[in-house]
Structures are given as C-alpha cells and as structure tokens.
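To start, the structure itself, in structure tokens.
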Amino acid sequence: MAKRIKNSIIISKEEIQKKGGIVILSLREYRKLCERAVPTYYLKGKEAEELDKLVEEGLREYRKGRCKTIKSLADLD
C-alpha cells in the first residue's frame, strides 16, 4: 500500500488577526480574479484605426531590429 503524505499549511492565529484574515483560492480562480480586475476597453472608428496603425508600425520596427532595450523611461532621451 502506498504511503500518503499530507501537505499542511500552518498559520498562526495572531498573524491572521494582524493581517485581517486570509483567503485561499485555487490558482485558476486567482487568475480569473486578476483578469477581471483589469478593465477592458474597446475602441471604435478612428481611434481604433489609429491604434491599429501604431501597433503595426511598432511591430515593423521591431522586426527590422530598430528597437532597443531600456531599463527606465529616462533612457529614452
């Protein structure tokens, strides 16, 4: 017969009270919650076309190797 190993998490009562409680979620539930937390915007008309052109231009520049890696926005100057 195979030996069963139980994984346990022990959290002190003081820690829970200090932090105001805890929440335990599955990774799938956590990811869904994170996805819903970020608003989704849908553009129409001229705004959508302008953004599409900007993205296409950026992808062309990237493919041509004209992009550089920066560590902060100050590196853009």
Side-chain angles (χ1 to χ4, degrees):
M1 185 170 182
K3 198 176 192 182
R4 292 186 132 192
I5 299 174
K6 264 190 170 179
N7 292 330
S8 298
I9 300 172
I10 300 171
I11 304 170
S12 72
K13 194 181 256 186
E14 293 81 24
E15 189 70 22
I16 293 171
Q17 290 172 345
K18 185 169 88 174
K19 300 218 180 207
I22 62 167
V23 176
I24 299 175
L25 298 172
S26 69
L27 191 54
R28 178 182 286 164
E29 288 176 282
Y30 175 73
R31 286 182 178 151
K32 285 181 183 180
L33 183 64
C34 289
E35 288 172 5
R36 288 192 307 251
V38 178
T40 303
Y41 296 99
Y42 295 97
L43 300 177
K44 295 180 182 177
K46 187 177 178 182
E47 289 177 334
E49 290 174 17
E50 289 175 2
L51 183 59
D52 286 343
K53 288 178 186 177
L54 183 63
V55 169
E56 286 175 17
E57 180 185 343
L59 290 172
R60 274 196 304 272
E61 296 290 316
Y62 176 77
R63 285 188 210 108
K64 291 178 182 178
R66 295 184 182 162
C67 296
K68 63 180 181 176
T69 303
I70 62 170
K71 293 185 180 182
S72 74
L73 293 177
D75 293 345
L76 291 175
D77 294 336

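Owing to the predicted nature of the structure, the values given are computational and were not obtained by experimental measurement.
- E49 contributes atom CD, which lies 11.0 Å from atom CG of L43 (distance to the nearest 0.5 angstrom).
- Applying the salt bridge (Lys or Arg N to Asp or Glu O under 4.0 Å) definition to pairs two or more places apart or across chains, none involves residues 26-40.
- For the pair D52 and L54, the minimum side-chain heavy-atom distance is 4.5 Å or more.
- Tested against L59 for a side chain to side chain contact (heavy atoms under 4.5 Å, CB included), the candidates E56, R63, E57, E61 yield a single pass: R63.
- Note: I22 CD1 to I16 CD1 = 4.5 Å, rounded to the nearest 0.5 Å.
- Placement of L27 and I24 in two distinct hydrophobic clusters is found when ILVMFWY residues are connected by side-chain heavy-atom separations under 4.5 Å, directly or transitively.
- Transitive grouping of hydrophobic side chains (ILVMFWY, heavy atoms separated by less than 4.5 Å) keeps L51 and Y41 in distinct clusters.
- By the rule that hydrophobic residues join a cluster once side-chain heavy atoms approach within less than 4.5 Å of another member, V38 and L33 end up as members of separate clusters.
- Residue pairs meeting the salt bridge (Lys or Arg N to Asp or Glu O under 4.0 Å) criterion with at least one member in residues 7-20, sequence neighbours excluded: E15-K18, E15-K19.
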